Enquirer: 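Sending over a structure as structure tokens; questions will come in a sec.
Just so it is clear: chains get the letters A, B, ... in the order the sequence lines come, proteins before strands, and each one is counted from 1. Given the structure is predicted, the values throughout are model-derived calculations rather than measurements.
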Number of protein chains: 2
Amino acid sequence: MTTTPVSFALPTVPLRKGESTAQRILDAAEALFSERGFSGTTLRDVAARVGLRIPSLYNHFASKESLYAAVLERGFGPVLGVLSDFLDEGSESRGDATRVVERVMALLGQRPNLARLVVHETLSGGQRLTPLLRNWIAPIFARAHEMAETGPAARRWDAERIPLVVLAMYHVVVGYFAIAPLYLELNGSNLMTTSALARQTEFLKELVATLFPEE
Amino acid sequence: MTTTPVSFALPTVPLRKGESTAQRILDAAEALFSERGFSGTTLRDVAARVGLRIPSLYNHFASKESLYAAVLERGFGPVLGVLSDFLDEGSESRGDATRVVERVMALLGQRPNLARLVVHETLSGGQRLTPLLRNWIAPIFARAHEMAETGPAARRWDAERIPLVVLAMYHVVVGYFAIAPLYLELNGSNLMTTSALARQTEFLKELVATLFPEE
DNA sequence: AGTGCAAACTAACGCTAGTTAGTTTTTTTG
DNA sequence: CAAAAAAACTAACTAGCGTTAGTTTGCACT
């Protein structure tokens, strides 16, 4: 079922027109999946959004499942790249934590759907994300904990609370994007404007400063 | 093809004599809706879980939509009660914020599905929750902001950041329950044990203490 | 006992989902 | 410019969805 993608290693030169169609399908699917979840999204909606008939989607993706997988792969690659780069370098100072917050906020600010996708996945226990999780996210999470134990957080929080601090930061970052649509509808404030994003980024940096006191 | 991973071996919700069928249906529906969302949940699954045939559900609820609405109403009543009581009393000191954190954690600790339901709703922009939102949640949110502006938070954060602090606290509280299933699957730690919940509650109180400095 | 009614059942409907087959159009390529 | 490949199309299928109609069961009450 879960056809682990035999990579899109198309022979030598990727076809430009075809690839752009695939990209447009991915864009539409990402938007719909992130808003409505996997089962709430229909291929009819995706096709209509791209301006295609449904069967044409099958020229680019083998199934709805594999389309979803492709959305996840394309989306989370860069985010996880940022995180794993950061974690590989290792961080001892608070400045590193501040920097990763800035980069993640910049990334998710441009692609807020990714945050929403990951929230959908966490709610369902990561049933569909699991292959990705096992390979990428789990090690990153583990490394984050390990790092936090030796990093600046350890000076403020005892060991058994470190995971809670990490989780809390994660939720504040991701939840901001998840709630943005509702927040807009509810009181008219748009959390996704550049100024609002900058404000949230500054707030997060101050949060980091508060939670992880400098030596 | 939506491969539902777990096939249910008949009644998961035991037949309790004093409890009405409607309540048992609500229990089953709440569990499924909170895990899979509205469109990911089928009436077949609900019926199987209760140990009924599908049409029997219609003796108690007029439609899938109204079953969902009933789940929401039953679930959020108490939570919103706690919040609105708290907000009506008004709060000037940090102790009040601490107390509301304790009560909300106790409530959601017993009914974690509620947190997950509300996250599903926020992701979809509250399309289905809107009637409830308009009547209950929106005023509460507004009041929380207003209160935070005159409460202890105002001494630490300038006005335009207050909403961000409120949102952050909200996400840390709700996100904890939303991620619990995934967290369990990912590294074996169960966030829903009483000791884990107590630890999170203590952590939240410390967070409140850090974010809302005493006079 | 017998009536009445709520709540369970069986059966089946219409609709929409994802998917496949087969055909035509478009694009690439030698 | 013709052949081949890719990608669009039409049509149709199967399966599962929520829902309805009509029937039977089980229990309360005279």
Enquirer: Nearest-Å distance, CG (Asn59(B)) to C1' (dA21(D))?
Expert: 13 Å

Enquirer: Find the distance Leu57(B):CG to dC9(C):C1' and express it as a whole number of Å.
Expert: 13 Å

Enquirer: Which residues in residues 61-74 of chain B have a heavy atom closer than 4.0 Å to any atom of DNA chain D?
Expert: Ser63(B), Lys64(B)

Enquirer: Glu30(A) and salt bridge (Lys or Arg N to Asp or Glu O under 4.0 Å): which single residue from Arg49(A), Arg24(A), Arg111(A), Arg36(A) fits?
Expert: Arg111(A)

Enquirer: What's the shortest heavy-atom distance between Phe177(A) and Pro112(A), and which atoms?
Expert: CD2-CB, 3.9 Å

Enquirer: Is there a salt bridge (charged side-chain N to carboxylate O under 4.0 Å, His left out) between Glu202(B) and Arg199(B)? Walk through the geometry before answering.
Expert: CA-CA 5 Å; Glu202(B) 285 307 306; Arg199(B) 201 174 300 134; over 6 Å; no

Enquirer: Say you draw a straight line from CG of Leu52(A) to CG of Leu57(A); how long is it, rounded to the nearest 0.5 Å?
Expert: 6.0 Å

Enquirer: Ignoring hydrogens and geometry beyond distance, is a side-chain donor-acceptor pair present between Thr42(B) and Asp45(B) at under 3.5 Å?
Expert: yes

Enquirer: How far does CD of Gln200(B) sit from CG of Leu167(A), to the nearest 0.5 angstrom?
Expert: 7.5 Å

Enquirer: Where the side chain of Ser56(B) is defined as all heavy atoms beyond and including C-beta, which of dG18(D), dA7(D), dC9(C) is the nearest nucleotide?
Expert: dC9(C)

Enquirer: What is the distance, rounded to the nearest whole Å, between atom CD1 of Ile54(A) and atom P of dT10(D)?
Expert: 11 Å

Enquirer: Who are the ring-ring contact (aromatic ring centres under 6.0 Å, His included) partners of Phe33(B), not counting sequence neighbours?
Expert: Phe38(B), Tyr68(B)

Enquirer: Under 3.5 Å, which N/O atoms of the protein pair with N/O atoms of nucleotides 11-13 of chain D?
Expert:
none

Enquirer: Regarding Ser39(B), tell me which of base, sugar-phosphate or nothing describes its non-hydrogen contacts under 4.0 Å with the strands shown.
Expert: nothing

Enquirer: Verify salt bridge (charged side-chain N to carboxylate O under 4.0 Å, His left out) between Asp27(B) and Arg74(B), making sure each step is shown before the conclusion.
Expert: CA-CA 10 Å; Asp27(B) 289 341; Arg74(B) 184 188 69 153; 3.0 Å; yes

Enquirer: Could you tell me if the side chain of Arg116(A) sits less than 4.5 Å from the side chain of Glu35(A), heavy atoms only?
Expert: no

Enquirer: Output the rounded distance in Å from CZ (Arg24(A)) to C1' (dA8(D)).
Expert: 12 Å

Enquirer: Could you tell me the separation between the CG atom of Leu52(A) and the C1' atom of dA8(D), rounded to a whole number of Å?
Expert: 8 Å

Enquirer: CZ of Arg53(B) versus P of dT23(D): gap in Å, rounded?
Expert: 20 Å

Enquirer: To the side chain of Tyr58(A), which of dA8(D), dT19(C), dA17(C) is closest?
Expert: dT19(C)

